[in-house]
**Q** 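Dumping the structure here so I can ask a few things about it.
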Amino acid sequence: MEFSAELRALITLPHNTAIFSHRNPDGDAIGSALAMRHYLEQYGHKVHVMFPSDYPEEFETLPGAGECLIWDISTEECKQVLAKKDLVILLDFNAWNRIDKMGEYAKHLPAKVMMIDHHLYPEPIADFMFSDPDASSTCEMIYRFITGMGDGIKISPKVGECILTGLITDTGSFRHATNPEVYRIAANLVERGVSDTAVQDRIFNSQKEKNLRLLGHCLSNRMEIIPEYKTGIIWLTKRDYDDFHIQRGDTEGIVNYLLTLREVRLAIFIHNQPTVVKLSLRSKGDLDVQEICRTHFGGGGHKNASGAHSYDSLKSTLEKIKSILPLYKDAILKS
Ligand code: 5GP
Ligand code: MN
């Protein structure tokens, strides 16, 4: 990472700063945003963290989570707050359309814009861009940013707890997208006083009974394995949303169960959310699900973890994804 004098001044002089992350914020989104907030506050910044939609309940206890603003819930307040901002930091996304109306509003603000992100194919949307698709998580990049600024000392237990959250969630507890640096950073955070077990507990041991019942339903009644294409599919209908009272975050991680099957290389989770059909794809090895999501559904993400939205019905989305499997047969079998 390179730090120009202008960028250093933006960070080290107090600014009125907004930090954005993507819709349906996950652990990396909220972790990176709050870590950045607690870092910048040490330089006197006045910071607001803002997401287009609310975050899952398990992150409510991350330091500062309760003060985040949600565009969908309090749009007017968000607009008022943004009007005074002179620095906007975009974390864990790389195109304005990933934050919908919040992006349409924010891109016209007279503020300097900085981006830190690890998704493929960034759009040129910031004055200062840090894009590294090889990074495990945006939280890894936040760690590198702060230490690159020579500010390792400012990684307080509070900042570290937020960073470790994103490292763990985006690597599925160090199962994928790891690199040697990820383990070094995690070790360093623990040395700085971050409780790794408390962070893991918050993420993985905080489920409600209905989540486990929903998982049972998915595995028993909504799972199809297609051996010819080494593919597993789980789908959820609108009715399932009602029957299981599914709310934000409740379906997080379900797709990963398909990958636990030895013979599955491609995992597909399709769920009929109240307004849109959402796809989540995961893969093992060299199989590039980002290409599949981008080419056929206008989505994106990472090589082994990508997503997309469709306004077709659940049935036709399922038919469409099955119809394209033959195109990827070689790639799946080679992966
Ligand atoms: P998930 O399947 O967990 O929602 O998302 C997996 C990855 O794909 C995340 O990095 C997320 O940012 C990205 N992603 C999910 N949905 C979309 C989408 O509709 N468009 C794009 N460009 N990326 C997405
Ligand atoms: Mn991420």
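Every number for a ligand or one of its atoms is a count from 1 in the order of the listing.
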**Q** Could you list the atoms of ligand 1 found under 4.0 angstrom from a heavy atom of His119?
**A**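 Those qualifying, in numeric order: 9 (C), 10 (O), 11 (C), 12 (O).
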**Q** Is the distance from the Mn ion (ligand 2) to the nearest N/O/S atom of Asp92 under 2.8 Å?
**A**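 Short answer: yes, at least one N, O or S atom is under the cut-off.
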**Q** For the Mn ion (ligand 2), find the closest N/O/S atom belonging to Asp28 and write down its atom name.
**A**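 The closest N, O or S atom of Asp28 to the Mn ion (ligand 2) is OD2.
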**Q** Considering only NZ, NE, NH1 and NH2 on the basic side and carboxylate oxygens on the acidic side, decide whether Asp250 and Lys210 come within less than 4.0 Å.
**A**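 Yes, this pair counts.
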**Q** Going by distance alone, is a donor N or O of one side chain under 3.5 Å from an acceptor N or O of the other, for Asp117 and Ser131?
**A**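 No pair is found: no donor N or O on one side chain lies under 3.5 Å from an acceptor on the other.
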**Q** Using a 4.0 Å cutoff against the non-hydrogen atoms of His302, which atoms of ligand 1 qualify?
**A**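 Checking each atom against His302, I get 10 (O).
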**Q** Consider only side-chain N and O atoms of His217 and Asp240, and report whether a donor and an acceptor are under 3.5 Å apart.
**A**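 Looking only at side-chain atoms, Asp240 and His217 do form a donor-acceptor pair, the distance falling under 3.5 Å.
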**Q** For the aromatic rings, using the six-membered ring if either is Trp, is the centroid distance between Tyr328 and Tyr229 under 6.0 Å?
**A**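 Tyr328 vs Tyr229: aromatic centres not under 6.0 Å.
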**Q** Identify whether the distance between the nearest side-chain nitrogen and carboxylate oxygen of Glu161 and Lys158 falls below 4.0 Å.
**A**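 Judged by the 4.0 Å cut-off on N to carboxylate O distance, Glu161 and Lys158 do not form a salt bridge.
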**Q** Hey, which N, O or S atom on His118 ends up closest to the Mn ion (ligand 2)?
**A**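 When I compare the N, O and S atoms of His118, NE2 is nearest to the Mn ion (ligand 2).
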**Q** Taking atom types as modelled, find out whether His118 and Asp92 have a side-chain donor-acceptor pair closer than 3.5 angstrom.
**A**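 Side-chain D/A pair, His118 to Asp92: present.
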**Q** Judged on heavy-atom distance to atom 3 (O) of ligand 1, which of Arg23, Glu252, Arg282 sits nearest?
**A**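 Result: the heavy atom closest to atom 3 (O) of ligand 1 is in Arg282.
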**Q** Given Ser137, Gly300, Ala29, which has its nearest heavy atom closest to atom 23 (N) of ligand 1?
**A**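 Residue with the shortest heavy-atom distance to the ligand atom: Gly300.
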**Q** Which ligand 1 atoms are under 4.0 Å away from a heavy-atom of Lys278?
**A**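 Numbered from 1, ligand 1 contributes 1 (P), 2 (O), 4 (O), 16 (N).
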**Q** Could you pull out, from Gln290, Arg98, His309, the option with a heavy atom nearest to atom 19 (O) of ligand 1?
**A**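 The residue whose heavy atom sits nearest atom 19 (O) of ligand 1 is His309.
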**Q** Does the ring of Phe297 carry Lys320 above it, NZ/CZ under 6.0 angstrom from centre and within 45° of its axis?
**A**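 Pair Lys320/Phe297 counts as cation-pi.
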**Q** Salt bridge between Lys322 and Glu224, side-chain N to carboxylate O under 4.0 Å?
**A**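 Here Lys322 pairs with Glu224 in a salt bridge, since their nearest N and O are under 4.0 Å apart.
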**Q** Can you tell me which residue and heavy atom of the protein come closest to atom 2 (O) of ligand 1, and the distance to 0.1 Å?
**A**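 Answer, as residue, atom name and distance: Ser280 OG, 2.6 Å.
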**Q** Just need the protein heavy atom nearest to atom 7 (C) of ligand 1, so name the residue and atom and give the distance.
**A**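 Checking every protein heavy atom, the shortest distance to atom 7 (C) of ligand 1 gives Ala305 O, 3.5 Å.
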**Q** Closest N/O/S atom of Asp170 to the Mn ion (ligand 2), by atom name?
**A**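 Asp170's closest N, O or S atom to the Mn ion (ligand 2) is named OD2.
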**Q** Measuring to the Mn ion (ligand 2), does Cys139 have an N/O/S atom at a distance below 2.8 Å?
**A**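 Coordinating: no.
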**Q** Is the shortest N/O to N/O distance between Gly307 and ligand 1 below 3.5 Å?
**A**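 Between Gly307 and ligand 1, an N or O pair is found under 3.5 Å apart.
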**Q** Run the salt-bridge test on Asp243 and Arg239 with the 4.0 Å N-O cut-off and return the result as yes or no.
**A**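 Between Arg239 and Asp243 there is a salt bridge, with a charged N closer than 4.0 Å to a carboxylate O.
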